[in-house]
Structure formats: C-alpha cells, structure tokens
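Fair warning: this is a prediction, and the values are worked out from it, not measured in the lab.
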Amino acid sequence: MNSYQIDKKLEPILDEMHQVGVKIDAHYLNDLSQKLGLKLLKLEEGIYNDIGHKFNVNSPSQLAKILYEELKIKPRDAGIKRKKTHHSTSATDLAKISHLHPAIEKILEYRELNKLKNTYLDPLPKLADKNSRVHTTYTVDTSTGRLSSKNPNLQNIPIRTDLGKEIRKAFVAEKGCKLLVADYSQIELRIAAHFSEDPTMISAFGRGHDIHRTTAEELGIDRRAAKTVNFGILYGISSYGLSENLKITPDEAQNLIDKYFLAYPKLAEYIAKTIKKAEETGFVETLFGRKREIPELSSPIDRVRKFGERVAVNTPFQGTAAEIIKLAMIEINKKLIGDRLTSIATSIDNRQSVDKRKTKNVTIDLPAGEAGDKRTAHNESRLILQVHDELVFEVPEDEIKQTTEIVRDIMENTVKLKVPIIVDIKTGKNWGELEKI
DNA sequence: TAGACTGGCGCC
DNA sequence: AAACGGCGCCAGTCTA
C-alpha cells in the first residue's frame with residue numbers, strides 16, 4: 001500500500017471521527033474563563049500603572065513603540081531583531097529585557113492568559129453540540145502528509161503550562177467511559193535511525209535506551225539540551241537556529257552539531273545524501289512513497305536554498321511518521337469494527353445481521369425480543385482524536401484492557417522498522433489527568 | 001465592512 | 001535581514 005492509497009482508506013475514518021466528536025465540560029470552561037477575565041483586568045491595570053498610561057496590550061506595534069521609543073530600551077543590545085513593521089515583542093524577546101522594566105513580566109503573563117482565554121476557553125463551549133461534543137474537521141492537505149485539524153483545531157489544545165493542563169481537563173469521556181491515549185515514543189528519531197541505519201542510534205533504540213540521554217552522554221551536555229539538538233536534527237538543523245533555541249552562540253551551536261555528526265556518522269551521511277538526491281531530482285520521498293517537490297533547492301537566494309535543504313531533511317521523517325500512524329488508524333478501526341460485528345453476531349446468534357451494519361454508531365436491526373427492535377451502538381471503543389503521534393479513544397470502562405492490547409499491538413507492529421516502535425498508553429476520565437498503564 | 005496581512009503563539 | 005520542520009487561530013492593523 002502506498003501513501004496515496006493510505007489516505008484513501010483513511011478518509012472514512014476521519015469522517016467518522018468528525019461525526020462522533022469529543023465531549024467537553026462547557027461549564028468548567030466558562031467558570032475558568034470568568035476567573036481568568038478578572039485576573040486579566042488586574043494585570044491590565046498593573047501594566048497601565050507601570051507604564052504610566054493606557055494602551056492596547058494586544059497590539060504589538062503599540063507595545064513596541066512604548067518599549068523601544070518611550071522607555072528607550074535598546075533592542076539591538078538585547079539581540080532583538082526587527083520585524084517588517086517594528087522590533088519584535090515576542091515572548092522570547094520580551095524575556096531578554098524583562099529585567100529592565102516591571103511591566104514586562106506582567107505583559108508576558110497577560111499574553112499567556114489572554115491567549116488561552118480567547119483561543120480555547122471562550123470559543124470551545126460555543127462550538128459544542130447538544131450533547132456537549134465538539135466536532136473537528138481533519139484534512140490531509142499538508143505538504144508532508146500530516147493531518148491538520150480545524151474548526152476547532154483540536155491538535156493544539158494546551159498542555160505545557162499549568163493553566164494549559166487545566167484546559168485539557170475539559171476534554172472528558174462520556175459516562176461509563178474513559179479516554180485512552182496512545183502515543184508513539186520518539187517516532188521520528190526512530191525513523192531517522194531506520195533510514196540512516198546509524199549503529200549508535202540503532203543500538204540505543206534496540207536496547208531500549210532513552211535516546212535523549214544517549215545523545216546527552218555522547219555530546220557531554222545535559223538531557224534537556226540534547227533533546228533540543230535531537231529535534232533540531234529532525235528539523236534540518238542550522239547553527240543559528242540551534243543557538244537561538246539553546247541560548248548559546250552560533251559558534252557553540254556549530255560545535256555541538258559537529259560533535260553530533262561524529263557521534264552519529266551514518267546519520268550525517270544519510271542527511272547529506274538526502275539533500276544531494278533532492279537537489280538532483282527536485283523532490284524527496286517518504287517510506288510509503290509520498291513525494292514532495294522542493295523548488296527552493298534551485299533558488300539563487302542562499303536563504304531560500306537553505307530552507308529547501310531543511311525541508312528535504314525533515315519531510316521524510318515527518319511524512320513517514322504520519323504514514324505509520326495513519327496505517328495504525330486504519331488497522332485499529334478494522335479490528336474494532338470486526339470485534340463489534342463478531343460480538344453482535346454472537347449475541348444474537350444470527351450472522352446474517354452482520355451485513356446490515358455498515359459503520360459503528362448506526363442503528364442496528366435486532367431480532368424482536370432481543371433488546372427491543374432497534375438499538376444505537378454507543379457502548380464501544382471509538383477513535384475520537386489524532387494529534388500527529390497520538391491517538392485518543394473513548395472506551396467503555398469494561399473494554400479498557402482489551403482495547404489497550406489491541407491499540408498497542410497494532411500501533412507497534414503494523415509497520416516494521418529496523419528499530420522497535422514503542423507506544424505509551426494512558427487512561428483517565430479526562431485528557432488532562434491521565435495515568436500510565 | 002470584508003478581506004488580507006502581520007505578529008504572535010497554542011500544539012506535535 | 002536572518003526562523004531549525006509542520007499546522008490553525010487570535011487580535012490588531014491596513015486597505016479596498
């Protein structure tokens with residue numbers, strides 16, 4: 001099966017995920033929003049006080065004028081770059097100058113709270129149906145083959161900050177059910193190991209080592225920094241980008257990159273070959289044959305060409321990861337439906353009724369005297385969300401064990417790489433409070 | 001008033 | 001100038 005055939009088989013599954021939706025606790029979100037509203041008012045007042053007058057905190061251009069003109073903070077001294085219209089006021093850049101004025105910390109907090117309120121807390125309850133479920137639309141129109149989610153986007157629900165976790169708790173399981181969350185462990189780095197056949201990577205994954213720890217030991221840096229470097233590799237690393245992320249100089253970053261490729265020489269070779277081949281053919285390919293043209297590679301502009309190189313490196317990793325999870329979705333759906341058919345057929349002792357059931361969540365005709373004439377099948381494990389390397393299921397509590405086994409087996413074994421594929425599974429009553437199985 | 005653009009930021 | 005990959009959504013701003 002190639003990448004395009006995978007997408008075809010995925011279509012009805014995405015359709016169904018859309019129809020089923022995910023349940024949210026709208027009251028909880030509204031309460032949280034109200035509390036946040038009060039806090040935002042206080043922050044706003046404090047900011048005006050510190051600055052000496054009112055202005056629109058949500059306006060980057062007004063803020064830039066105040067910081068870099070009124071307060072005379074020198075952006076160049078702090079390494080803050082100019083945007084098209086003014087100097088940057090992004091969170092990372094504000095952090096560089098937060099010691100220079102008391103308002104800046106408050107502005108950063110205001111930004112965080114306001115973002116979460118406006119993007120999640122307020123819109124989500126309005127999008128819920130009468131059963132309090134929201135229905136995202138998945139599409140496959142990305143350049144790498146990943147899915148995207150919109151109206152609402154359920155692939156960027158907060159998780160990182162404390163408040164973020166609180167928001168995630170609003171995504172809940174139906175009564176009698178739990179959420180089952182299965183996510184691939186470092187799938188893209190495993191794909192990198194597979195493509196490059198780098199012995200150090202293969203052995204680390206083969207022995208079940210923590211790959212970020214391995215990189216940390218190889219480079220003599222801490223795990224957090226190693227993780228950043230590993231991700232950088234997947235994105236088509238540059239010394240400048242890495243230096244920004246690690247808050248080190250580009251020279252130091254280049255040093256780390258050099259060490260990295262000494263530690264993983266076959267990966268270095270793979271990356272070089274991938275770029276070279278992409279320059280020759282004009283495209284790159286994923287494991288299952290999805291092609292992406294990269295015209296940037298023949299640009300006379302250095303910056304554009306460099307971008308093309310990063311795309312050439314990243315796309316096979318990101319695109320292959322997308323294919324692996326799509327195949328798992330297809331196989332899991334098959335298995336879940338098959339099991340339901342079997343159990344229905346068994347329970348009514350009449351295999352002919354199997355044909356009447358096309359998809360889950362439709363009305364099924366049962367012989368009179370069974371449980372009435374019709375019944376809607378809701379008491380079954382259903383795939384409800386996909387977040388790139390993670391699948392979320394809504395599962396009746398008495399099916400947790402068997403669904404866990406099915407999901408793990410299929411996600412880990414549908415595609416075979418030269419390294420093991422590992423899946424972590426957690427369950428809970430909501431998306432924010434999960435316990436590992 | 002609608003739409004495009006910009007800066008910014010949530011997620012993987 | 002200058003962003004290491006992929007998305008979608010927000011408010012502010014500018015323009016037709």
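- At a threshold of 4.0 angstrom between heavy atoms, the contacts of Gln62(A) are confined to the sugar-phosphate backbone, with no base atom among them.
- Residue-level contact check: Leu147(A) touches neither bases nor backbone, having no heavy atom under 4.0 Å from any strand.
- Residue Ser243(A) is out of contact with every strand shown, counting any heavy-atom pair closer than 4.0 Å.
- Residue Ile157(A) is classed as a sugar-phosphate contact, given heavy-atom separations below 4.0 Å to backbone atoms only.
- Heavy atoms of Thr142(A) sit under 4.0 angstrom from primed sugar atoms or phosphate atoms, though from no base atom.
- Checked for salt-bridge contact, Lys276(A) and Glu279(A) miss the test: no charged N lies under 4.0 Å from a carboxylate O.
- Scanning atom types as modelled, one donor and one acceptor separated by under 3.5 angstrom connect the side chain of Arg146(A) and the base of dC12(B).
- Within a 6.0 Å radius of CD in Glu280(A), more than 12 heavy atoms belonging to other residues, nucleotides or ligands are found.
- Rounded to a whole Å, the CZ atom of Phe231(A) is 10 Å from the P atom of dC12(B).
- Of the residues in residues 72-109 of chain A, those lying under 4.0 Å from DNA chain C by heavy-atom distance are Lys83(A).
- In this structure, Thr85(A) and Ser61(A) have side chains that are not in contact, with every pair of non-hydrogen atoms separated by 4.5 Å or more.
- Atom NZ in Lys117(A) sits about 17 Å away from atom C1' in dC9(B), given to the nearest Å.
- Between the P atom of dC12(B) and the CG atom of Leu189(A) lies a distance of 15 Å, rounded to the nearest Å.
- If you measure from atom NE2 of His388(A) to atom C1' of dG8(C), you get 10 Å, rounded to the nearest angstrom.
- Distance, Leu14(A) CG to dC7(C) P: 16 Å, rounded to whole Å.
- In this entry the distance linking CG of Asn58(A) with C1' of dT6(B) reads 14 Å, nearest Å.
- dA2(C) sits 24 Å from dG10(B) when the C1' atoms are compared, rounded to a whole Å.
- dC4(C) sits 29 Å from dA4(B) when the P atoms are compared, rounded to a whole Å.
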Pairs counted only when both distances fall under 3.5 Å, Watson-Crick or G-U: show me the 5' to 3' dot-bracket for DNA chain C, [ ] for pseudoknotted crossings and | for other-strand partners. ....||||||||||||

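- Heavy atoms of Asn56(A) sit under 4.0 angstrom from primed sugar atoms or phosphate atoms, though from no base atom.
- Taking 3.5 Å as the limit, the base of dG10(B) and the side chain of Asn156(A) contain a donor-acceptor pair of atoms between them.
- Between the CG atom of Asn230(A) and the C1' atom of dC4(C) there is a distance of 13 Å, given to the nearest Å.
- Lys150(A) comes within 4.0 angstrom of sugar-phosphate atoms only, judged by non-hydrogen atoms across all strands, and of no base.
- Between the C1' atoms of dA1(C) and dC9(B), the separation comes to 23 Å (whole Å).
- Using a 4.0 Å heavy-atom distance criterion, Phe307(A) is classed as a sugar-phosphate-only contact.
- Residues forming a salt bridge (Lys or Arg N to Asp or Glu O under 4.0 Å) with Lys178(A) (at least two apart in sequence, or on another chain): none.
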